[in-house]
Structures are given as structure tokens and as C-alpha cells.
Amino acid sequence: MARTFFVGGNWKMNGTKESLEELITTLNTGSLDDQTEVVCAAPSIYLDFARSLLDPRIAVAAQNCYKVAKGAFTGEISPAMIKDCGADWVVLGHSERRHVFGESDELIGQKVAHALENDLGVIACVGEKLEEREAGTTEEVVYAQTQVIAENVKGWEKVVLAYEPVWAIGTGKTATPEQAQEVHEKLRAWLRANVSDDVADSLRIIYGGSVTGANCKELASQADVDGFLVGGASLKPEFVDIINARA
Ligand code: PGA
């Protein structure tokens, strides 16, 4: 089954209006593969700004949200607010949320459920730490994280699963195409065994962790790599090359 290639840019806590406007101009005027679905995850304070400037063919995502619609939750934002700013996606379970901010599987699952109930697309992230890979527990870790996500998903149409080995994020140490393919293939088999054939065949599983213009083509050639979640390189003009990795 053909899965539309999906490339997300995760700007993280970077940029100013000035620098983001420059980046957005590069994206808007770049020649982008129209077979690739492109989403930019802006800092929440710039969601409106990013949406107002980005070409409509590029979707906007928030980098996080809370698990309920509104209330006394100082500092949090809801899926409804994200949608109100014209954004259609949210990144949930990113390793920085898990490991810098201590978000649990349970909380991430609740956020996934609430975001989907509010019709937001979810880029749900999983990935093992270096010590877990070295201990041979990569599969166990990513299956457990995926399980909690799966328990909170009723319909998978608006879900993208991002495999992001923590040791590869922001480190310049990319997983080899073989390492990425191996985990993606296993995650797809897990989905086949635990969710359904249909979801296993149709769900985009994207790779994240030090993806660059230089390594994206080889990674994109792997059968189960359906796109990327890109941090550092999404702030640079080379993001255009990554969007075009399959072109
Ligand atoms: P990186 O980040 O591309 O800078 O490694 C990826 C991510 O955190 O999504």
C-alpha cells in the first residue's frame, strides 16, 4: 500500500519572528515534492505567526499540548487552541518531553486520546535511550511506548508514528539506514500483531534523529521509512532537500 511520504520539521525552542520569517520564505519559494506531506512544528507562541506566513500546502503543528480542553493549567495549551490558531497537528511523546520534562507513558497516552478526540493529527514519538539499545532492550522499549499510544487511539487515520532513537537526537549520530529499517519493520509487525493489518499497512512510520540533507536519501530508500521528523536541519535551507528525499 502506498503511504504518502511525510516530513515534519520540529523547530523546538528555536527562532525569532525574524529568523522564522526567513526560513518560511525559503520553504514557500522552494521547489517541494508535491508527493510529500510537510508539517512544521512551531513553538506555541509562534503558531499563529507560522500559520499566517507559511504556504497553505505546508501544515503547522504544535510541539505539545495538554490532555484536557481548558481550565486552571497555567502554562499549558489545548488542542482546541492549537486548532484555533490554524494548526492541524501536534507532536506528542517527543523524547525531550519524556526525558527532560519527565512525561510518563500514561500522560502521553492521555494527551494522544484528547488530541485525536479534538480532531488534531498526532505525530506520536517513541524511541530507546543509548543504554537501552546497548542492553538489547530496544524492541521492548519501543513496543511498550507504542502499546500505550495504541491503547489511546480509536482511529489511526490522523496518526503518524515517529521512531526517534534518543541517542540520535541532536547528536549528529544518525541511525544507519539498516538500524532505522530494522526498528520500523519490527514496529510494523507489532502493529500487525496487536492492532490490525490495515493499520500496519497504512500507518506512516517516520524516522527522527540527526536527519540531514546528506543522509536523507539513503534513509528514505528503506521500505518501512515513510518520512522524517527533523530537528536541527529543519531550521536550515537543507530542509527542502529532506522534503525532496524521495523525489
Ligand atoms: P534532530 O532532532 O534532527 O536535531 O536530531 C530530531 C527530533 O528531535 O525530532
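Just so you know, ligand 1 is whichever comes first in the structure, and atom 1 is the first atom listed for that ligand.
Other residues, nucleotides and ligands place no more than 12 heavy atoms under 6.0 Å from the CD atom of Glu218. Counting heavy-atom neighbours within 6.0 Å of Lys236 NZ, excluding the residue itself, gives a total of 12 or less.
For ligand 1, the protein residues placed under 4.0 Å by at least one non-hydrogen atom are Asn10, Lys12, His94, Glu164, Ala168, Ile169, Gly170, Gly209, Ser210, Leu229, Val230, Gly231, Gly232.
The pair Lys17-Glu21 fails the salt-bridge criterion, with no side-chain N (NZ, NE, NH1 or NH2) lying under 4.0 Å from an Asp/Glu carboxylate O. Checked for salt-bridge contact, Lys83 and Asp119 meet the test: a charged N lies under 4.0 Å from a carboxylate O.
In this structure, Tyr207 and His184 have tilted ring planes: the angle between them lies in the 30° to 60° band.
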>> For a salt bridge (Lys or Arg N to Asp or Glu O under 4.0 Å) check, start with the C-alpha distance between Arg3 and Asp201, then their side-chain angles and the critical distance, and finish with the verdict.
In response: CA-CA 8 Å; Arg3 295 180 292 266; Asp201 289 333; 5.4 Å; no
